[in-house]
Amino acid sequence: LRHSEYIMLALSTRVASRVALRPRTVRTYCTEAEAPSTHIFIGNLSWDATRKDLSTLCAEFGSITNARVMVDRETGRSRGFGFVYFQTAESAAAAVQALNGKEFLGRPLKVAEAKARVQTPPQSE
């Protein structure tokens with residue numbers, strides 16, 4: 001091996017060992033037909049909205065398993081949308097019907113059933 005190849009091999013081995021020790025988050029992707037109907041998308045949120053606000057807003061429609069407000073990685077500020085996860089599809093459908101267009105924290109909400117995340121192939125250089 002040449003010197004540069006040896007360095008690259010050593011670096012890749014070191015990185016691989018670090019990655020193996022780090023816990024991984026497994027993201028699941030599904031087709032449109034398998035999309036989870038218990039998840040709803042809530043858009044046009046105020047930047048002041050929190051996870052607790054979303055939970056309180058949706059609690060009247062059924063049991064909530066999780067609520068998330070998406071935030072910008074660099075600034076930590078809300079991106080203006082979030083997701084609420086219900087235990088049943090009926091609760092999610094009721095929330096979509098009742099909340100779409102409703103004003104919340106000074107802004108009209110856009111609420112819909114969450115769509116499946118589509119896995120895109122890695123881009124080649």
Side-chain angles (χ1 to χ4, degrees):
L1 293 174
R2 290 183 297 189
H3 181 68
S4 60
E5 291 174 338
Y6 176 76
I7 290 173
M8 292 303 292
L9 179 64
L11 287 175
S12 65
T13 304
R14 190 176 312 149
V15 170
S17 66
R18 280 193 220 146
V19 171
L21 296 176
R22 193 173 356 151
R24 285 181 53 121
T25 301
V26 178
R27 293 181 190 252
T28 53
Y29 298 95
C30 54
T31 64
E32 202 63 36
E34 300 168 337
S37 60
T38 58
H39 307 244
I40 65 170
F41 165 83
I42 301 180
N44 202 30
L45 284 173
S46 167
W47 288 348
D48 298 328
T50 64
R51 179 180 154 197
K52 192 171 188 174
D53 292 333
L54 285 184
S55 294
T56 304
L57 175 70
C58 297
E60 67 183 88
F61 302 104
S63 183
I64 297 171
T65 57
N66 193 10
R68 297 177 64 191
V69 174
M70 307 313 286
V71 294
D72 184 81
R73 278 185 232 166
E74 294 179 17
T75 64
R77 190 171 94 180
S78 169
R79 293 182 62 195
F81 69 95
F83 297 93
V84 177
Y85 303 85
F86 289 91
Q87 284 190 344
T88 65
E90 294 79 19
S91 300
V96 169
Q97 289 293 321
L99 296 177
N100 193 27
K102 180 180 178 180
E103 191 162 315
F104 180 67
L105 297 177
R107 300 183 75 166
L109 297 177
K110 295 182 181 181
V111 183
E113 184 179 312
K115 294 184 179 161
R117 188 172 190 179
V118 179
Q119 184 175 15
T120 56
Q123 295 180 355
S124 59
E125 294 180 17

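Residue numbers run from 1 in the order of the sequence given. Scope of the values below: all heavy atoms of this structure, side chains included, with no hydrogens, waters or symmetry mates.
- Atom OG in Ser91 sits 8.0 Å away from atom CD in Gln87 (nearest 0.5 Å).
- Inter-residue side-chain proximity for Asn100 and Leu109 is flagged as unmet; no heavy-atom pair is nearer than 4.5 Å.
- Ring centers of Tyr85 and His39: under 6.0 Å apart, within the cut-off.
- One finds the NZ atom of Lys110 at 13.5 Å from the CZ atom of Phe81 (value rounded to the nearest 0.5 Å).
- Nearest heavy-atom pair across Arg79 and Asp72 is CG-N, 3.5 Å.
- Looking at heavy atoms from C-beta onward, Val111 lies out of side-chain contact with Gln97 at the 4.5 angstrom threshold.
- For the atom pair CH2 of Trp47 and CZ of Arg107, the computed distance is 7.5 Å after rounding to the nearest 0.5 Å.
- Considering only heavy atoms from C-beta on, Thr50 stays 4.5 Å or farther from Val69 through its side chain.
- Side chains of Thr56 and Asp53: no donor on one and acceptor on the other come within 3.5 Å.
- Remark: Leu57 CG to Lys102 NZ distance equals 5.5 Å, nearest 0.5 Å.
- No chain of hydrophobic side-chain contacts below 4.5 Å, direct or via other Ile, Leu, Val, Met, Phe, Trp or Tyr residues, connects Val71 to Leu45.
- The CD atom of Glu103 sits 11.0 Å away from the OG atom of Ser46 when rounded to the nearest 0.5 Å.
- At a threshold of 4.5 Å between non-hydrogen side-chain atoms, the residues Ile40 and Phe86 count as touching.
- Atoms SG and CD1, from Cys58 and Ile64 in turn, are 5.0 Å apart once rounded to the nearest 0.5 Å.
- In this structure, Leu54 is not a member of the same hydrophobic cluster as Met70, with clusters built from ILVMFWY side-chain heavy atoms closer than 4.5 Å.
- Inter-residue side-chain proximity for Phe83 and Ile42 is flagged as unmet; no heavy-atom pair is nearer than 4.5 Å.
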